[in-house]
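To start, the structure under review is shown below, and the notes come after it.
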Amino acid sequence: MGNCTIPDKEVLIRKYIDEEKPMHKIAEELHMSVGKIHKFIKLYEIPTRKTKDVLKGRHLTQEQCMRISAVNKGKKLSEETKAKISASHKVGGIGSKKKRSDGYICVYFPDHPCSTKDGYIMEHVLVMESLIGRHLTKDECVHHKNRIKSDNRKENLQLMTKSEHMSLHSKERWEAFRNAQ
């Protein structure tokens, strides 16, 4: 380890375990890098905390999420880790909902013939299928009348063919273009 400073095991245990300080705070106090603190916590076999244990019911800020995301960008995940991530997204079982980044709501329903490989299907599709009493055909889609993708009330949904739906949105875009000029 050369001539580097070696943190004392008891000091690390007191600060990390007893005082529950995060590694970056310990690093500041001991005038060391976070990497060195982490290295010695592993070397001394001090049990590390999970993020959920540290947060204890608090939610991450958007800035914290972005920092965590940046740290993990480009990392290769093992198949086991991918399976764990996939399973964590399905917490809640059949019928559990999640909102996608594009605004649509999807429902975990793995037995549906059109569910994704992860077992999800769009909520508006399920609502429409329950209204018409059958599965949608490959040529059918569901239109949100008020353009709010998460508003899946039956009065806001309209069954259309895919060509009708594309034509409707094409006309709307053309109108918006003409009005902008």
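Excluded from the calculations below are hydrogen atoms, water molecules and symmetry mates; all remaining heavy atoms, backbone and side chain alike, are included. Since this is a predicted model, take the numbers as computed values, not measurements. Starting from 1, each residue takes its place in the sequence as its number.
The closest side-chain heavy-atom distance from Leu12 to Leu30 is below 4.5 Å. Looking at Met128 and Gln158, their side chains never come closer than 4.5 Å, going by heavy atoms from C-beta outward. At least one side-chain heavy atom of His143 sits under 4.5 Å from a side-chain heavy atom of His169.
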Quiz prompt | His124 vs Asn156, side-chain hydrogen bond (donor to acceptor under 3.5 Å, both in side chains): CA-CA, chis, key distance, verdict | solution = CA-CA 10 Å; His124 59 274; Asn156 185 48; over 6 Å; no
Quiz item: Between Asn152 and His144, is a side-chain contact (heavy atoms from CB on, under 4.5 Å) present by the stated rule, with each step listed?
Solution: CA-CA 8 Å; Asn152 294 317; His144 288 86; 2.8 Å; yes
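Summarising the geometry of Tyr44 relative to Ile6, their closest heavy-atom pair is OH-CG2, 3.4 Å, with the distance given to 0.1 Å. When all heavy atoms are compared, the tightest approach of Met23 to Val34 is CB-CG1, 4.1 Å. Across every non-hydrogen atom of Cys141 and Thr161, the tightest pair is SG-O, 4.0 Å. Residues Pro47 and Tyr16 share a closest heavy-atom pair of O-CE2, 3.4 Å. In plain terms, the two heavy atoms of Ser115 and Pro110 that are nearest each other are OG-O, 3.3 Å. Minimum interatomic distance between Tyr108 and Asp118 (heavy atoms only, all atoms of both residues): CE1-O, 3.3 Å.
Here CD1 of Ile46 is found 4.5 Å from CD1 of Ile13. Values are rounded to the nearest 0.5 Å. Residue Met122 holds its CE atom at 6.5 Å from OH of Tyr104, rounded to the nearest 0.5 Å. To the nearest 0.5 Å, atoms CZ (Arg14) and CG (Asp8) are separated by 9.0 Å. Atom CZ of Arg100 and atom CD of Glu123 lie 12.5 Å apart (nearest 0.5 Å). Taking CG of Asn146 as the start and CG of Asp151 as the end, the distance is 4.5 Å to the nearest 0.5 Å. Distance check, rounded to the nearest 0.5 Å: NZ of Lys9 to CD1 of Ile41 gives 12.0 Å.
In this structure, Lys145 does not pair ionically with Glu155, as no charged nitrogen and carboxylate oxygen lie closer than 4.0 Å. Taking 4.0 Å as the cut-off between side-chain N and carboxylate O, Arg134 and Glu140 count as a salt-bridged pair.
Below 30°, between 30° and 60°, or above 60°: for His135 and His112 the angle between ring planes is above 60°, a perpendicular geometry.
With hydrophobic clusters built from ILVMFWY side chains whose heavy atoms lie under 4.5 angstrom apart, Ile148 does not share a cluster with Ile105. Neither Met166 nor Leu168 shares a network with the other; the hydrophobic side chains, linked directly or stepwise wherever heavy atoms of I, L, V, M, F, W or Y lie under 4.5 Å apart, form separate groups for each. Using a 4.5 Å cut-off between side-chain heavy atoms of Ile, Leu, Val, Met, Phe, Trp and Tyr, with links allowed through other members, Phe109 and Leu157 fall into the same hydrophobic cluster. Placement of Ile26 and Met32 within a single hydrophobic cluster is found when ILVMFWY residues are connected by side-chain heavy-atom separations under 4.5 Å, directly or transitively. Cluster annotation: Leu126 and Leu159 are assigned to the same hydrophobic cluster (Ile/Leu/Val/Met/Phe/Trp/Tyr, side-chain heavy-atom contacts under 4.5 Å, transitive).
For Glu80, the CD atom counts as loosely surrounded, since its 6.0 Å shell holds 12 or fewer non-hydrogen atoms of other residues, nucleotides or ligands.
No donor-acceptor distance shorter than 3.5 angstrom exists from the side chain of Glu20 to the backbone of Ile17, with no hydrogens or angles considered. The backbone N or O of Lys15 sits nowhere less than 3.5 Å from a side-chain atom of Lys25 that would complete a donor-acceptor pair.
A cation-pi arrangement is found for Lys98 relative to Tyr120, the charged atom lying closer than 6.0 Å to the ring centre and inside a 45° cone about the ring normal.
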